[in-house]
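Scroll down for the structure; my scribbles are underneath it.
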Amino acid sequence: MPGDSRRIAGPQDSRAPHWFGRQQETHQEAGGTRQDGRGDHDLRPVYLHTGVVSQATGSAYMEMGQTKVIAAVYGPREISRREEFTMKGRLCCELKFATFSCRQRRQHIQDNQERDGSLIVLQALEPAVCLDKFPKSQVDVYITVLQDDGSALAAAITCAALGLADAGVMMYDVVVGCSVRQCGEDQWLDPSVREEFRPEVESAGDHGMVTVGLLPSLNQVSALVLDGHLQQQTAVQAVKTCISGCQGIYPILKDCLVSSTRRNVPSLEQKSGQTSTDGQNGQT
Amino acid sequence: MAAPRVCVPGERLVSTADCESGRGTYVHHGYIYSCLAGYMHKRNLDGKELPIVEVIRQKEDAVPRIGSIVTGKVTSVSGRMCKCAITCVERTTLREPFRGLIRKEDVRATEKDRVEMYKCFRPGDIVLARVLSLGDANCYLLSTAENELGVVLALSEAGAQMVPVSWSDMQCPKTGSKEFRKVAKVQLQQE
Amino acid sequence: MKEVPMSTCEREFILSAIRDRKRIDGRQTYDYRRLKVAFGMERGCCIVELGDTKVLAQVSGKIEQPKKNRPTEGSIIINLELSPMASPAFEPGRPTESGIEMNRILERNIRDSRAVDTESLCIVAGEKVWCIRADIHVLNDEGNIMDAASIAAITALSHFRRPDVSVMGEEVTVHSPEDRDPVPLSVHHMPVCVTFAFFDQGEFLLVDPTRSEERVMNGRMVVGMNMHREICTLMMSGGMLLVKEQVLRCSQIATVKVAEIIELIQKALDKDAQARQAGEKCGFAESVPSNKITTNKKEPTSVDTTAAAQHASQVIQEAGPVDKPVSNMLVQAPGTVQIGEGLVNTWQVDDEDMESEEDSTKKTATNGREAVAVSKPTERKRPVKTVSHAEDSGSEEEEKVVLYQGDVEMKSTEEPDATTLKQPTSSNSDKPAKKKGKKKKAAQK
Amino acid sequence: MATEQTLRSFGCEQNLLSRPDGSANFTQGDTTVLAAVYGPGEVKMSEEIIDKATLRVIFKPKVGLPGCAEKFQERVLRNTCESVVLATLHPRSAINIILQIIQDSGSLLSCCVNAACVALMDAAVPMKCLVSAVTCALTEEGQIVLDPDSKQEKESSAVLTFAFDSRENNVITCSTKGCYTPEQYQESLSACREASKNISSFFRQAVEKRMSKELKVKT
Amino acid sequence: MAADFKTAQPVEYYRRFLKEDVRPDGRELGEIRHTTLNIGSITTAEGSALVKLGNTTVICGIKAELCNPTAEEPKKGFVVPNVDLPPLCSPRFRPGPPSEQAQVVSQLMADIIQNSGVVALEDLCIVEGKLCWVLYCDMLCLDYDGNVVDTCVISLLAALKNVLLPEVRVSEETGDPVTDMEKKLPLNIRKCPVATTFGVFDDHYLFTDPTNEEECLATGVLTIVTTEDNKICCMHKPGGTPLSESRLQDCINRALTRAEEVRKLIHETINSVER
């Protein structure tokens, strides 16, 4: 990067090898079965794990197929930037793609995709967090995509929510994210990067990507992003598929949370004793 | 005892008809939901006909609330106030400190006007204090105006840990010299 | 760190002095402070002293691709560094308002006035040209950085020699100084800045203001001019109004001053050239005066290093042989392997040489060892070990599930199993807690 | 193998800048480093340390803008100074050390350390002890060359720099380039230690010379 | 109350343990935390490795790209190591440009690569003066619990050994490079540098592999990097407690042992993939 004196600089310009390779862009063609042999509305195998970052208040790691996302939650901590007094807490999200997470190397400096990705995650999580429980302090959620094999944004949302729950931040409900890729007639749930690929010249008809953030047990949608162009009913259909997808992921997330809670079992007596004192303090 | 029920945020616990909502829960459409991943725990508080339902977990997010006892390290002392970094709230140790502030008039309960900050705190002291209010944007307002509150641990000029000799001064075991502090009466209730 | 604010009476004093045509350092209105130009060992390196104001300039050149719009021209970069060395007010990092302004003036004065011929810096049109860079570091700010910097810049540029280059078709060869004599830049003319400070809304003016004068002045004018009385820059700042006579007066004064300064620069350059001709040693190291009380010098001294070799071998002897690793590999899954704790032994060796070293630590060391002796019943260590092993199996679990490629079935099967893995950590963590409880009491005793 | 090694002539000038609280110009052969010290003075709120002074080293290369390499040097030099300066005597204050390279002809790091040390003395910053640094180079044949110039450094297989405290002559700082065996390491270490004694004695001379007038006044 | 004691007087707390020759996390002074290595899990990178040293976690992904060599060194490619310490890995890092710590560690990595000659830059040259490889080695810390240097070095070395570069030919007619993504060739790793970091506490106790807390309390740190031919390729002691040569020698010996062990680990890991 020119002008970045804080990093070890490489050559002025360099090109990824595949750029010179014979262009065999193997993307999912319309019709036909999916490369990994799933049905159109199948999810990829999902793996979730909590408590992966020892330094953080809470953290989570998620795999959807080859997509790998890690999220760490810090706080409630002091609001970093000086601002006027607020009775509500603040939630901050930062989504980052590792430089090696994609086929094309990414830069260190935050780009637009990361910027609005962060915003979407924030919007997805904010309604779920009880912000009034930590006045004038903030909770930071840092998410890093280690490898992007499609629907990274959805994974980021789920992973972040799990991290928040692991951190013990009070929430009305967890949030689960899921994406659908609409390509002509085909509607692929939880698309891989190949399926996300869109040619420059798009054939007429529906083309687009829908990502939904869902509060599963309250069954409310907290975030909804659609890019591309879809007809009204297709769009609605796509959203429905997403929601069903979320509902599919939810039990896994729940199991993970339960087992992680069991893992660090609190000695109840002592705990309740403390809480009682807390309660009294609350009243005084 | 039976393995207590584990619940996750957004999980419906009981109806408000048979329980009251306690910590880690919230009420929605006449039902009590959990807002933590933890263990559901019912408690009967005397004087209440309905038991209180709470959700308890090991890791809890601790923010100073009004009235809670906090442990802090004094960072700077001026004539009017004393700044400190809050390191513990109740029993939970914070990962990152919050800023707290003890004003001159909140140091002790009696003869407030005669308080001299420099005779009460020194930078580096460990103090117990109660949260008075959330204060302004960057500081919590703390008070040590109770016998149990004040300096619990201080190092002397010689660098030795001093022992309290009265409510107003501590002594250095090495040199025997006395230093002024607003000493806390430590209650010996350690588990 | 902040600048020390100026007291009102000092301010008043300086002003009143100026009002009756006096300056606190005893100079006349149009006098410059003592100007000194010294050259470094390298080409294109010089230090300019204007009274106590001190500026270091270094010119360097490297081969780059030219700009698209100017394929046959080299480039000249001028970078004025307001180093924190010069004043506590200067912070490292991003330049300040005034810094940028001064840098601009320098660029206008030297680059935009085409003082240095850029065409002659072209090697291969559109492919390779010389990029000349002048770094000017302010070392001490006692006022009028501007003039000092401009003098330093032009002096360094005319002192600089770039390696000779020859082009044979495609081949571009850069000749080393031994191979071919480096060539100077073609400097057309030498523009130099003269700064005027104005007081009382431009009623009074001074040449070459000191720092204290700069702090009380209400405006300044910088005139950049060369031998041929051509004005290269003219910059007025401070938002004061001047009668045009003043401006004219300034330009007249400037012509005189510039003439003087450039003459001095030329002298210095010639002197240096002769010195190099004669092959005398040059550079700042030489110019350090040895007579001053604040300076001290020492001629080359010889050190006897006979002892070194055997002493070294002796040390290595003492340290003893390197012990082989006692590693136990745990292949968890293809691509994931883990080793437990490696070097399991205490630091007896140190305690030994601690004693030999100093007595102060001797006591602690020895009773430390006693402590070891008594407080090392193996069962005390055991739990730690077992625990940590249990734990590593845990972390291994984590590892495998975290990054074992694909194959999620096995992961999910791992899942319930994974629940066990945090237990050890907790027990591990509360173990020291117990310990410390004991300690705590000890402390209270 | 030659057992006599020569250090290039070295010299220093103290208090040559009017603005800083202390300044020094240290030369080893042609290598010249200018050091300036400000403080103890006001510290930024963000950098304040409640029980000691905040030490900051700014390392200015002669050409171009500072990058990672300079940051790295700054860290090394800062820690080196921190281990000799009695920072606890000036809590909540800032001590800034600025190092400007004037001429690099080998053994730069050691020259920086020495310059900083003299500048700190000149600024009357309280110190535990002095720190004196020596660089040595290892030739392909394993020969030790003390205080090498840039040519010798280029030809050498490894360059090692050590900084010693003036009390027990133990190693405060060690920074190396290139590959070498433990034996060679120990050998160069003890060789440099020998040399460092000359430097610390030189420091003493410089101070004595500087103070000579004041002594006369006193007596 | 234990936690309070720790937060109130961390130094005193540690002293108590070290007197007993044990550390708060139950390790002996010379004990190194469990080292777990996983390679090749990031398929989007030419080479990758994840290393866990106790809690400290670093993932290194290497992206290879093609570029032109410099005019000064037409026969050499580039290796560009960068260590990223994101706010994700520890509360002490804030979002924004790289912290001083990150810059320092990055530079140390660069020095280690250069001093040890782990990769010969000439090997990365494809057509002299025209085309060469640049290896962007980005080390991303996921959990900062001390001794990040050792962890980074292991991850870097393992990732480099894991690198597979596509074959590149320069087509006669156009003169443009053509890569064959099917044919992958491994990189020639010339040396295997391994770092071992020591901490000094109270100017007396020496211990290996410091955790985050220990690093904060330490009165000095020392990093030794050694190669398989038992040579030292970096001895980095930035200030701190003065040490005698005999103690340094002791550290060197321990470093050699440790390095041996880690090389075994990497070897073992690579085999486990192949078999």
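Chain identifiers are assigned alphabetically (A, B, ...) following the order of the sequence lines, protein sequences preceding nucleic acid strands; residue numbering begins at 1 within each chain.
- The choice from E:R94, E:M109, E:Q107 that makes the most heavy-atom pairs within less than 4.5 Å of chain A is E:R94.
- Between chain A and the options E:S99, E:A102, E:P91, heavy-atom pairs under 4.5 Å are most frequent for E:P91.
- Contact record, A:I8 with E:A110: CD1-CB, 3.6 Å, taken as the closest heavy-atom pair.
- Both the backbone and the side chain of A:T144 come within less than 4.5 Å of a heavy atom in chain E.
- Across all non-hydrogen atoms, the minimal contact from A:R6 to E:P97 is NH1-CB, 3.6 Å.
- Listed for the A:Q147 side chain is a donor-acceptor partner under 3.5 Å among the backbone atoms of E:T43.
- Residue E:E46 touches chain A through its side chain alone, counting heavy-atom pairs closer than 4.5 Å.
- For the residue pair E:D143 / A:S54, a side-chain donor-acceptor distance below 3.5 Å is found, with atom types taken as modelled.
- Contacts of E:P166 with chain A are made by side-chain atoms alone, with heavy-atom separations under 4.5 Å and no backbone atom involved.
- Of all the heavy atoms in A:E94 and E:P95, the pair that sits closest is OE2-CB, 3.4 Å.
- E:R92 does not touch chain A: none of its heavy atoms, backbone or side chain, sits under 4.5 Å away.
- Although no hydrogens or angles enter the test, the distance criterion places a donor-acceptor pair under 3.5 Å between the side chain of A:Y74 and the main chain of E:S90.
- No part of E:P69 comes within reach of chain A, as not one of its non-hydrogen atoms sits under 4.5 angstrom from that chain.
- Here the side chain of A:K96 pairs no donor or acceptor atom with the backbone of E:L88 at under 3.5 angstrom.
- The OG1 atom of E:T44 sits 12.5 Å away from the CZ atom of A:R105 when rounded to the nearest 0.5 Å.
- Atom NZ in E:K63 sits 11.0 Å away from atom OG in A:S14 (nearest 0.5 Å).
- Taken from CG in E:L66 to CG in A:D13, the straight-line distance is 11.5 Å, to the nearest 0.5 Å.
- Within the 4.5 Å cutoff, no side-chain heavy atoms of E:E65 are placed close to those of A:H18.
- In this structure, the separation between CG on A:L146 and CG on E:L140 is 6.5 Å, given to the nearest 0.5 Å.
- Across E:D138 and A:F100, no two heavy atoms sit closer than the pair O-CE2, 3.6 Å.
- Salt bridge absent: E:D84 and A:R7 never bring a charged side-chain N and a carboxylate O closer than 4.0 Å.
- Between A:I70 and the options E:T57, E:I59, E:L142, a side-chain contact (heavy atoms from CB on, under 4.5 Å) holds for only E:L142.
- Comparing E:W133, E:Y136, E:F78 by heavy-atom pairs within less than 4.5 Å of chain A, the highest count is held by E:Y136.
- Heavy-atom contacts from other residues, nucleotides or ligands closer than 6.0 Å to NZ of E:K184 number more than 12.
- Contact record, A:P17 with E:A64: CD-O, 3.0 Å, taken as the closest heavy-atom pair.
- Shown here for E:N212 and A:Q55, the closest heavy-atom pair between the two residues is ND2-OE1, 3.5 Å.
- For the atom pair E:C67 SG and A:Q12 CD, the distance stands at 9.5 Å (nearest 0.5 Å).
- How far SG of E:C89 is from OH of A:Y142: 10.5 Å, rounded to the nearest 0.5 Å.
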